[in-house]
Protein chains: 2
Amino acid sequence: MAETVRGGESLLFLTDEQVRKGIEAMFFAYRGFTADPDRILEGMDYGRAHHRAIHFIGRGPGGTVNTLLSILGVTKQSLNRVLRTLMEDGLVEARVGRVDRRERHLYLTEKGMMLERQLSEAQRARMRSAYRAAGPQAVAGFRQVLEAMMDPEMRRHYAALKEGAQ
Amino acid sequence: MAETVRGGESLLFLTDEQVRKGIEAMFFAYRGFTADPDRILEGMDYGRAHHRAIHFIGRGPGGTVNTLLSILGVTKQSLNRVLRTLMEDGLVEARVGRVDRRERHLYLTEKGMMLERQLSEAQRARMRSAYRAAGPQAVAGFRQVLEAMMDPEMRRHYAALKEGAQ
DNA sequence: ATTTTATGTCAGCCTTGTTGACTTTCCAAG
DNA sequence: CTTGGAAAGTCAACAAGGCTGACATAAAAT
């Protein structure tokens with residue numbers, strides 16, 4: 001096997017084998033990533049779709065339905081079914097826009113925040129333990145690779161969330 | 001905000017905010033991760049489930065149905081539906097085990113390998129470009145965090161694939 | 001001879017995605 | 001003031017891909 005070197009830096013990390021392992025790591029890790037919230041939600045009448053809606057409403061309170069739609073990347077019909085049950089159950093509240101009254105601004109209720117915290121804490125526990133095991137340098141790399149993997153539109157959403165958070 | 005330090009090393013990377021960003025990065029990146037194969041498969045009669053089966057059969061030719069089942073983490077009924085169509089379409093072949101004739105050992109046919117390559121190349125292109133953008137150090141961290149995020153059983157499967165590959 | 005294991009299959013259900021068609025509300029441009 | 005179009009909601013129908021339960025078969029193991 002010829003080792004390709006450019007500027008003294010090995011490019012072995014770009015071999016098909018290395019890239020394949022990254023793909024498989026994503027697959028297996030994503031299973032773990034969703035496992036804990038999934039466990040909490042089974043038994044309740046909710047699923048992963050509800051979790052995602054709750055997460056992003058909690059993360060950006062007052063966002064419109066359209067914003068949420070483009071973050072989640074599903075159709076309005078699909079999201080609507082989820083939002084309807086969440087509103088019926090009193091977890092999410094939709095307030096008519098003050099400046100544009102066609103828009104609905106979404107908020108978690110107290111009850112919604114409680115579920116959000118429960119789900120979020122479970123997911124963060126796993127993530128935090130992975131972070132701790134891997135260390136700060138690894139975490140920085142992790143975030144860099146993931147960000148480079150996103151579609152541009154998703155990267156914009158991600159960056160917007162980052163700003164709001166920092 | 002109090003900065004917690006232990007042994008001179010900042011633990012700021014373990015704050016809830018940082019961990020949340022990791023969670024969102026996983027969410028958005030996974031969308032990109034699956035986008036290219038999904039695009040290829042739409043129009044064919046296949047979906048993500050077929051892709052996963054094809055990937056792991058291609059990765060470990062001769063594996064049994066049971067092995068694949070535990071890698072994929074679905075029920076045999078669910079996998080069977082996928083495998084049946086793949087075999088009917090001549091992409092996958094099941095050979096009766098020589099030592100234990102109850103077992104079916106799974107292989108990709110030539111046709112199956114062609115589709116595998118097509119899907120894999122699309123997915124690898126994105127992953128490789130992300131790797132290149134982030135650099136070797138980041139990639140190492142990426143892999144470390146993902147591995148720490150897996151459930152133990154998934155980590156075993158992942159490690160087994162690594163061995164076979166190196 | 002009996003039990004267990006590996007696999008396959010039928011039937012039916014659920015979640016969550018899709019498309020298409022239609023309505024209501026309401027801002028904004030003419 | 002009227003009207004075009006955007007935002008949102010709703011209904012219906014469908015598909016993929018999960019799930020459980022029940023049952024069948026072949027072959028290995030006891």
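For clarity, every value in this text was computed on a predicted model and none was experimentally measured.
- Between A:Tyr46 and A:Asp89 the shortest side-chain heavy-atom distance falls below 4.5 Å.
- Relative ring orientation between A:Phe13 and B:Tyr131 is described as parallel, the plane-to-plane angle staying below 30° on a 0-90° scale split at 30° and 60°.
- The side-chain heavy atoms of B:Glu103 and B:Val96, taken from C-beta on, include no pair separated by under 4.5 Å.
- Here C:dA28 presents its C1' atom at 15 Å from CZ of A:Arg101, a figure rounded to the nearest Å.
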**OP:** Let me have a per-nucleotide readout for nucleotides 3-11 of chain D, 5' to 3', with B, S or -, counting only protein heavy atoms under 4.0 Å.
**Re:** --BBSBBBB
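- Straight-line distance from the NE2 atom of B:His51 to the C1' atom of D:dG18: 19 Å, rounded to whole Å.
- Between the side chain of B:Arg52 and the base of D:dG17 there is no donor-acceptor pair of N/O atoms closer than 3.5 Å.
- Using a 3.5 Å distance cut-off with no hydrogens or angles, the side chains of B:Ser70 and B:His157 do pair a donor with an acceptor.
- A close approach under 4.0 Å does occur between a side-chain nitrogen or oxygen of B:Thr75 and OP1 or OP2 of D:dC19.
- A:His50 has no side-chain polar atom (N or O) that falls below the 4.0 Å cut-off from OP1 or OP2 of C:dT15.
- At the heavy-atom level, B:Val99 lies under 4.0 Å from the strands shown only through sugar-phosphate atoms.
- Between B:Leu106 atom CG and C:dA6 atom P the separation is 15 Å, expressed in whole Å.
- Judged by the 6.0 Å distance and 45° axis criteria, B:Arg95 is positioned over the aromatic ring of B:Tyr107.
- Distance CE (B:Met44) to P (D:dG17): 13 Å, rounded to an integer number of Å.
- With hydrogens and angles left out, the side chain of B:Arg48 and the base of D:dG18 share no donor-acceptor pair within 3.5 Å.
- Look at CG on B:Leu86: it is 16 Å from C1' on C:dG8, rounded to the nearest Å.
- Between the P atom of C:dT19 and the CG atom of A:Leu79 lies a distance of 15 Å, rounded to the nearest Å.
- The distance between atom CG of B:Asp45 and atom P of D:dG17, rounded to the nearest whole Å, is 10 Å.
- Counting only N and O atoms by type, the side chains of B:Thr64 and B:Thr67 include a donor and acceptor under 3.5 Å apart.
- Per the geometry, CG belonging to B:Leu68 stands 10 Å off P belonging to C:dT7, to the nearest Å.
- Residues passing the side-chain hydrogen bond (donor to acceptor under 3.5 Å, both in side chains) test with B:Arg52: none are found, sequence neighbours excluded.
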